[in-house]
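Just so you know, these numbers come straight off a predicted model, no measurement behind them. Each chain gets a letter, A, B and so on, in the order the sequences are listed, and its residues count up from 1. Excluded from the calculations below are hydrogen atoms, water molecules and symmetry mates; all remaining heavy atoms, backbone and side chain alike, are included.
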Amino acid sequence: MQNLLHNLNQEQLAAVTLPAQSALILAGAGSGKTRVLTTRIAWLIQTGQVSPAGVLAVTFTNKASKEMMTRLSAMLPINTRGMWIGTFHGLCNRLLRAHYRDAGLPQTFQILDSQDQLSAIKRLLKSMNVDDEKYPPRNLMYFINGAKDQGLRANDVEANDDYNRKFVELYDLYDQQCQREGVVDFAELLLRTYELLSRNQPLREHYQARFQHILVDEFQDTNDLQYKWLKLMAGQRGAVFAVGDDDQSIYAFRGANVGNMSAFEREFRVENLIKLEQNYRSHGHILDSANTLIANNSKRLGKNLRTDAGHGEPVRIYEATSDLQEAQWIVEETKSLINDGASRSEIAVLYRSNAQSRVIEHALVASGIPYRVYGGQRYFERAEVKHAIAYLQLMDNPHNDSAFLRVVNFPARGIGARSLEQLQDAAKQYGISLYAAVPYVAGKAGATLGSFLKLIEGGRFETQHLPLPEMVQVVLDLSGLLKHYQTEKEGADRIENLEQLVNAATLFVSEEGFGIDAPALLGPKAQAVSGAAITTADGIEIFDADAPLATVMSPLSAFLSHASLEAGNNQAQAGEEALQLMTVHSAKGLEFDAVFITGLEEGLFPHENSQKEDAGVEEERRLMYVAITRAKKRLYMSFSQTRMLHGQTRYNMRSRFFDELPEEALKWLSPKVQQHSWFANPKSAWDEAPEKAANSISKNFGKRDIGWRIGENVAHQKFGEGVIVNIEGSGGNARAHINFGRHGMKLLDLSVAKLEKVA
DNA sequence: CGATACAAGCTTTTT
DNA sequence: GCTTGTATCG
């Protein structure tokens, strides 16, 4: 016990040892949040207040839940694998597998990832003859997910016009299609579980009694449904220990509701609100910058980070003439950091949007600095892996039409659009899956389809008693996927990825505790061995969704869930010591010795799409706050006068966030005010497109007489500072397009407008 | 049925 | 500027 609690500061200790009531922990960046969470669990168990089985710990990412289990294993001499620690989705999957009948799902229900969901929606629109120009599939997906994230079914959604009524109707049809195919999307996992527990009192009471302590990580990221889910799980007695930071709420765009924090405080009658404000990560100037910036937000629970480390170095700010030059500068600074002994993996380059990485990557390649970009394609999302998975899905649940369509003619086996049209007609006519409709197709098409059906059924028969990895290997061969890629020129990588799937299966089997006998648990027997059956007073039999997973689902079903729920690492290039490139969003939760925040320009960061709503800019500011607080020792910020975006050169003003930082913590590397001539940069115009450059230069020379230049900084009485983006006309008729940042783009008559030069 | 051409789109993202 | 998705040709 002494061991467990020593090294905690006052605030942390207070949080860890709170009584068994709901509590809210406001944990600032770098304040030891995960430590408090895991120590709390360990302390509860060690002091005998709860058994490991009485703890439910919920996170958002697999990474976070793994981290929690690892740390907990180090603190306690127990097997954490059996504990209920996981993501919202992972835990719901487990519950639904155990109670699939009550939840109204087939035992082998499968999980759609976002890709699958979108294609399912496209398929629905097509079969319903809906104009996908008028009702874009993507919008329908947002609509459906948005509704589900609020806990709303189609008939709960209010629609006030025909357009929305159509969306609601399609939402309903989409749900029907999923039900027919035995598939659920991510939001459905949560909603189904929520509905299951709302509806089924004995089941609800069972879990409510079981989980006396519920701990939630990153609480600020919960959406409405997750909040309701927690409320339901906790019941009247459960103690919810919520850890979060309202200043780091950056996922409102996908349904996260920071308001859940204050709602929680109220509705869970929180008596203990503890703030963790001691920061162990960043030096003073960096922290001051973060604090000063975030103070500009209005809706905050209120928190100020402090550090014992001194001021440290000032925040370095650099103004580049072009995005190209900004990248160049990053390379130079990185080189000198490495020269001074910095480790490449301890340096991060952050940007607001992915498109910005290209210029930087270019410069890095040219200079030979190894780097790693986060956010690329993930293992289970690769086309060839998805194909292999689709074969496995069909063997486990043949009614999954998405899987069927993905591989029915891949590798090519002569089943074209015409055959499929016949098949789809038959399926629609009888209201059955494509797989089930195959016997209804006559002629040659029917025969070819029939042989595909035999392929799947043969595969299932052949592999039914094999351990999972061997099953995967057989499917790779039988499907013809390996052969297909062998004949393809660039198939080597794909074959390697496919072979990797066998390894992934092996690893999965050993990690999740599916022993060699696991296939014996397939089918209805699975429940009989769980040994956790409960009979309630009303005689309802309940099987507790207890670990190991092997007791509630077959290895194949489990592996397929795993593939959907954990798409795998998204690090592009693994291996050596490399510079870290990522969006600010993906940097959340990470820390680095040195951090570059790049592209700090009005329109980019804060992003233009966010500027319409007030709440939008506040979220951008929180995003900036997250970015700043990633840095331990050194922080750079940069912006550029010109930037290529969507194939066009844009002239941006520096971000408003610079005006919200404490001047005394900053050091401007380039003069704060500089001549804004793009002639000054020999690379920008001349080298790239000689013709274009000549044009704009002659244009510019032509405008000399008006006294204004493209790219020049100006000030307007009403609109404030802006940049001249373009000049049209000449002499007394000259008009200028001026980007006033937060006031937008204006077209002003130069002979009339009262403009001042900003030196 | 497969390969190639052109148009449209384009913040952030985990599960 | 580049990627993605569909339309058309062979």
Rounded to whole Å, CG of A/Leu118 lies from P of B/dT15 at a distance of 19 Å
In whole Å, measure the gap between the C1' atoms of C/dT6 and B/dT11 for me.
25 Å
Going 5' to 3' through nucleotides 3-13 of chain B, assign each nucleotide B (protein heavy atom under 4.0 Å from a base atom), S (under 4.0 Å only from sugar-phosphate atoms) or - (no protein heavy atom that close).
-------BBBB
May I have the distance from A/Gln648 (atom CD) to C/dC2 (atom P), rounded to whole angstrom?
15 Å
Across the strands shown, which category fits A/Ala187 at heavy-atom distances under 4.0 angstrom: base, sugar-phosphate, nothing?
nothing
Any base atoms under 4.0 Å from A/Asn62, or only sugar-phosphate, or nothing? Heavy atoms, all strands.
sugar-phosphate
Give me the ring orientation class for A/Phe605 and A/Phe657: parallel if the planes are under 30° apart, tilted from 30 to 60°, perpendicular past 60°.
perpendicular
Heavy atoms from other residues, nucleotides or ligands near CZ of A/Arg153 exceed 12 (cutoff 6.0 Å)
yes
Parallel, tilted or perpendicular: ring planes of A/His562 versus A/Phe508, cut at 30 and 60 degrees
tilted
Under 4.0 angstrom, heavy atoms only, what part of the nucleic acid is A/Leu112 near: base, sugar-phosphate, or nothing?
nothing
Please give, in whole Å, the distance from B/dT14 P to A/Met141 CE?
14 Å
Please list all pairs passing the salt bridge (Lys or Arg N to Asp or Glu O under 4.0 Å) test where one or both residues lie in residues 218-228 of chain A, with sequence neighbours left out.
A/Lys33-A/Glu218, A/Glu218-A/Lys588, A/Asp221-A/Lys588
How many whole angstroms separate atom CG of A/Leu96 from atom P of B/dT15?
18 Å
Check every strand shown and say whether A/Asn409 touches a base, only sugar-phosphate, or nothing at a heavy-atom separation below 4.0 Å.
sugar-phosphate
Ignoring hydrogens and angles, are the base of B/dT15 and the side chain of A/Ser114 linked by a donor-acceptor pair under 3.5 Å?
yes
Quickly work out the A/Asn223 CG to B/dT14 P distance and round it to whole Å.
16 Å
Nearest-angstrom distance from the residue atom CG of A/Leu420 to P of B/dG2:
11 Å
Check: residues 63-70 of chain A side-chain donor-acceptor pairs under 3.5 Å, at least two apart:
from, atom 1, to, atom 2, distance (Å)
A/Ser65, OG, A/Asn62, O, 3.1
A/Lys66, NZ, A/Glu566, OE2, 2.5
A/Glu67, OE2, A/Arg71, NE, 2.8
A/Glu67, OE2, A/Arg71, NH2, 3.0
A/Thr70, OG1, A/Lys66, O, 2.7

Comparing A/Thr61 with A/Arg418, nearest DNA chain B nucleotide closer to 5' gives the residue A/Arg418
Test: A/Arg254 and A/Asp149 ion pair at under 4.0 Å
no
Euclidean distance, atom CZ of residue A/Phe380 to atom P of B/dT15 [Å, nearest integer]
13 Å
Rounded distance (Å) that lies between atom P of C/dT6 and atom CD of A/Glu133:
11 Å
Under a 90° cut-off about 0 for the syn range, is B/dT11 syn or anti?
syn
Inter-nucleotide C1' distance (B/dT12, C/dG5), Å rounded:
23 Å
In terms of heavy-atom contacts, does CD of A/Gln115 have more than 12 from other residues, nucleotides or ligands at under 6.0 Å?
yes
